[in-house]
Protein chains: 2
Amino acid sequence: MKNEIAEILKRSQLSVTGSRTKILELFQESNGALAHADIEKKTDESYDRVTIYRTLQTFVEKGIIHTIPTADNSIRYALCKDECSTGHHHDNHVHFICDECGTTYCLDNITVPEIALPEGFTQKRADVIVSGICKNCE
Amino acid sequence: MKNEIAEILKRSQLSVTGSRTKILELFQESNGALAHADIEKKTDESYDRVTIYRTLQTFVEKGIIHTIPTADNSIRYALCKDECSTGHHHDNHVHFICDECGTTYCLDNITVPEIALPEGFTQKRADVIVSGICKNCE
DNA sequence: AATTATTTGCAACATTGTTGCATGTGAGTA
DNA sequence: TACTCACATGCAACAATGTTGCAAATAATT
Ligand SMILES: [Mn+2]
Ligand SMILES: [Mn+2]
Ligand SMILES: [Zn+2]
Ligand SMILES: [Zn+2]
């Protein structure tokens with residue numbers, strides 16, 4: 001609901017504006033992750049492209065959403081859980097992208113396994129992206 | 001060497017041309033993965049941008065190189081091992097991207113772990129991308 | 001050497017992302 | 001409520017990235 005959204009924004013010291021509220025709303029309604037283009041469509045182009053870019057960027061910085069790398073050059077974004085905050089993401093779950101419908105799922109219950117790196121390499125972040133056919137498309 | 005490169009191309013039923021030879025050579029010389037932009041620079045713009053796009057696409061299809069998704073919307077490419085062929089990639093190793101120098105490593109010895117997916121999901125491919133500081137930058 | 005199938009470069013275009021700046025708006029304060 | 005100021009937005013202009021059709025060039029085949 002609206003109030004909850006305003007809460008999230010305030011908690012991150014962001015002013016509550018139309019575009020931010022709307023975009024955050026979209027993420028809450030959506031079951032999958034969203035790409036920049038999706039948001040443009042779903043907002044019916046009521047907001048400038050630049051505003052959407054900047055909003056997404058801000059949300060990522062503030063730990064409100066996280067990015068999901070893809071093999072097709074179109075970063076997806078999805079809501080973070082409560083533990084994330086400015087500069088500190090803790091989204092260590094696996095992501096699944098359906099080859100059929102394109103839906104990107106946050107598999108919140110499946111955590112990214114530990115990877116043993118070679119000597120000298122230090123891990124900051126790890127992404128696991130599985131692709132194939134999702135439960136709705138098989 | 002040149003002959004080996006020609007061999008690879010012929011094996012994939014591709015004609016041996018200047019751009020393909022040069023680009024394949026670049027991959028062999030490079031220790032890390034290459035993005036489209038890297039190739040453009042390293043070839044000193046002697047080949048049209050379109051040609052590079054198409055060459056990379058062809059190489060991926062033929063199982064000569066594989067793609068590496070990144071969080072910054074710039075797909076990297078790296079040589080496949082011999083097992084890959086047209087439509088059949090078997091590059092199940094972990095990739096590491098250095099936040100400092102940007103180098104993208106194929107950690108050939110570290111295989112992608114099995115991921116247990118929820119009911120109804122079928123896996124076609126899995127990518128593990130670890131980022132942090134590499135052995136040269138720490 | 002001639003033929004044919006493939007590859008390339010160019011042009012034109014589409015999409016995606018970035019930056020500076022003037023204007024508008026939200027949040028706090030009087 | 002009205003005022004102020006910092007911040008957010010929209011616009012314009014631009015840069016970078018990616019796509020397509022087509023004619024010319026070139027590699028492979030005969
Ligand atoms: Mn997620
Ligand atoms: Mn690799
Ligand atoms: Zn699906
Ligand atoms: Zn490095």
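By convention in this document, chain letters (A, B, ...) are assigned in the order of the sequence lines, proteins followed by strands, and residues within each chain are numbered from 1. No experiment lies behind these values; they were computed from the predicted model shown. Side chains are part of it too, since the values below use all heavy atoms of this structure and drop only hydrogens, waters and symmetry mates.
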- B:Arg54 has an atom CZ; how far is it from atom C1' of D:dT19, in whole Å? 9 Å

- Minimum-distance nucleotide (side-chain atoms of B:Tyr47 versus C:dG9, D:dT19, C:dT18): C:dG9

- Task: Name the residue closer to the 5' end of DNA chain D, choosing between B:Lys10 and B:Val50 according to the nucleotide with the nearest heavy atom.
- Result: B:Val50

- Message: Taking only side-chain N and O atoms of B:Asn73, does any of them lie within less than 4.0 angstrom of OP1 or OP2 on D:dT17?
- Response: no

- How would you label the contact of A:Ser19 with the nucleic acid (heavy atoms, under 4.0 Å): base, sugar-phosphate, or nothing? sugar-phosphate

- For atom CD of A:Glu29, is the number of surrounding heavy atoms from other residues, nucleotides or ligands below 6.0 Å larger than 12? yes

- Query: Between D:dT19 atom P and B:Gln57 atom CD, what is the distance in whole Å?
  - Reply: 7 Å

- N or O in side chain of B:Thr51 less than 4.0 angstrom from C:dT7 OP1/OP2: no

- Rounded to the nearest Å, what distance is computed from the CG atom of residue B:Asp72 to the P atom of nucleotide C:dG17? 11 Å

- Query: Of the candidate nucleotides C:dG17, D:dC11, C:dT7, which contains the atom at the shortest distance from the side chain of A:Asp48?
  - Reply: D:dC11

- salt bridge (Lys or Arg N to Asp or Glu O under 4.0 Å) pairs, two or more places apart, involving residues 51-73 of chain A: A:Asp72-A:Arg76

- Item | d(CG, B:Leu9; P, C:dT7) in whole Å | 10 Å

- Task: Could you pick out which residue, B:Thr17 or A:Thr17, lies toward the 5' side of DNA chain C when each is mapped onto its nearest nucleotide?
- Result: B:Thr17

- Message: Can you measure B:Glu45 atom CD to D:dA16 atom C1' for me and round it to whole angstrom units?
- Response: 13 Å

- Task: Take A:Arg49 and B:Gly18, find for each the nucleotide of DNA chain D with the closest heavy atom, and name the residue whose nucleotide sits nearer the 5' end.
- Result: A:Arg49

- Hey, does B:Arg20 reach any base, or is it just sugar-phosphate, or nothing, if we go heavy atoms under 4.0 Å? sugar-phosphate

- Message: Rounded to whole Å, how long is the line connecting atom OH of B:Tyr77 with atom C1' of D:dT17?
- Response: 11 Å

- Task: Look at the aromatic rings of B:His93 and B:His95 and report parallel, tilted or perpendicular, splitting at 30° and 60°.
- Result: perpendicular

- Query: Counting only N and O atoms by type, is there a donor-acceptor contact under 3.5 Å from the side chain of B:His89 to the main-chain atoms of B:Val60?
  - Reply: yes

- Message: What is the distance, to the nearest angstrom, from the CD1 atom on A:Ile75 to the P atom on C:dG17?
- Response: 7 Å

- Query: Considering only C:dG17, D:dT17, C:dA27, which nucleotide approaches the side chain of B:Tyr53 most closely?
  - Reply: D:dT17

- Between A:Phe96 and B:Phe121, what is the ring plane arrangement, given parallel below 30°, perpendicular above 60°, and tilted in between? perpendicular

- Roughly, in whole Å, what's the span from CG in A:Leu14 to P in D:dA6? 18 Å

